[in-house]
Amino acid sequence: MNTTFIYIIIMNIIGFCLIGLDKHRARTRQWRIPEKVLFGAALLGGSAGAWAGMYAFRHKTRRWYFVVGMPLILAVQIGLLWYFLR
């Protein structure tokens, strides 16, 4: 398999899990994962996983910067991927 493809899969799993972990910590009133870490994981290639996690766990869906930011990051990443792979 292509190394880039494996990296993207791993980063999306990490993004998904970080959203789920933050939701769990919010429910149990524990220390939360900073939003910049969640966006950082998305920017590093995990935007699809983070976006899916937002709706799977019903977390951060009322924050406009997540609702707009995650799909925007994903669109830019898809555009860059298309540009470099064509």
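Throughout, residue positions are numbered sequentially from 1 according to the sequence presented.
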Visitor: I need the Thr4 OG1 to Phe84 CZ distance, nearest 0.5 Å.
Guide: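 It comes to 11.5 Å.
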Visitor: Would one find more than 12 heavy atoms of other residues, nucleotides or ligands at under 6.0 Å from atom CZ of Arg63?
Guide: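 Not more than 12 within 6.0 Å, no.
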Visitor: State plainly whether one hydrophobic cluster holds both Val76 and Ile8, where clusters connect Ile, Leu, Val, Met, Phe, Trp and Tyr through side-chain heavy atoms under 4.5 angstrom apart.
Guide: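 In one cluster with Val76: Ile8, no.
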Visitor: Which pair of heavy atoms, one from Phe39 and one from Tyr65, lies closest together, and at what distance?
Guide: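 Looks like CZ-O, 3.2 Å.
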Visitor: Can you tell me how far apart CG (Asp22) and CD (Gln30) are? Round to the nearest 0.5 Å.
Guide: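 Going from the CG atom of Asp22 to the CD atom of Gln30 covers 10.5 Å.
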Visitor: Looking at every heavy atom in both Ala41 and Leu18, which two are closest together, and how far apart are they?
Guide: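 Of all heavy-atom pairs spanning Ala41 and Leu18, the closest is CB-CD1, 3.7 Å.
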Visitor: Between Gln77 and Leu81, is the side chain to side chain contact (heavy atoms under 4.5 Å, CB included) condition met? List the steps.
Guide: CA-CA 6 Å; Gln77 289 173 343; Leu81 190 63; over 6 Å; no
Visitor: Can you hop from Leu72 to Tyr55 via hydrophobic side chains spaced under 4.5 Å?
Guide: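 No, Leu72 and Tyr55 fall in different hydrophobic clusters.
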Visitor: Would Tyr7 end up clustered with Leu85 when hydrophobic side chains under 4.5 Å apart are linked, directly or stepwise?
Guide: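 No, it is not one cluster - the side chains of Tyr7 and Leu85 are not joined through contacts under 4.5 Å.
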Visitor: Pairs in or reaching into residues 11-21: which pass side-chain hydrogen bond (donor to acceptor under 3.5 Å, both in side chains), with residues at least two apart or in two chains?
Guide: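 Qualifying pairs: none.
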Visitor: With clusters defined by side-chain heavy atoms of hydrophobic residues (ILVMFWY) lying less than 4.5 Å apart, directly or transitively, does Ile78 cluster with Ile6?
Guide: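 Yes, Ile6 and Ile78 fall within the same hydrophobic cluster.
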Visitor: Hydrophobic cluster membership, with links at side-chain heavy-atom distances under 4.5 Å among I/L/V/M/F/W/Y: are Leu43 and Tyr83 in one?
Guide: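 Different clusters.
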Visitor: About how many Å separate CD1 of Ile10 and CZ of Phe5, when rounded to the nearest 0.5 Å?
Guide: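 So the gap between those two atoms works out to 11.0 Å.
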Visitor: Please report the closest heavy-atom contact between Arg58 and Lys23, naming both atoms and the distance.
Guide: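 It is O-NZ, 3.3 Å.
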Visitor: As an exercise, state the distance from NZ of Lys60 to CE of Met70, rounded to the nearest 0.5 Å.
Guide: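 Between atom NZ of Lys60 and atom CE of Met70 there are 9.5 Å.
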Visitor: Which value, rounded to the nearest 0.5 Å, describes the distance between Ile33 atom CD1 and Leu21 atom CG?
Guide: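 Between Ile33 CD1 and Leu21 CG, I get 4.0 Å after rounding to 0.5 Å.
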Visitor: Using 0.5 Å steps for rounding, measure from the CD1 atom of Ile73 to the CG atom of Leu44.
Guide: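 It comes to 10.0 Å.
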Visitor: Would you indicate whether the side-chain heavy atoms of Phe66 and Glu35 approach each other to under 4.5 Å?
Guide: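 Glu35 vs Phe66: side chains touch.
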Visitor: Identify the heavy atoms of His59 and Ala26 that sit nearest to each other, and give their distance.
Guide: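 Closest approach of His59 to Ala26, heavy atoms only: CE1-CB, 4.2 Å.
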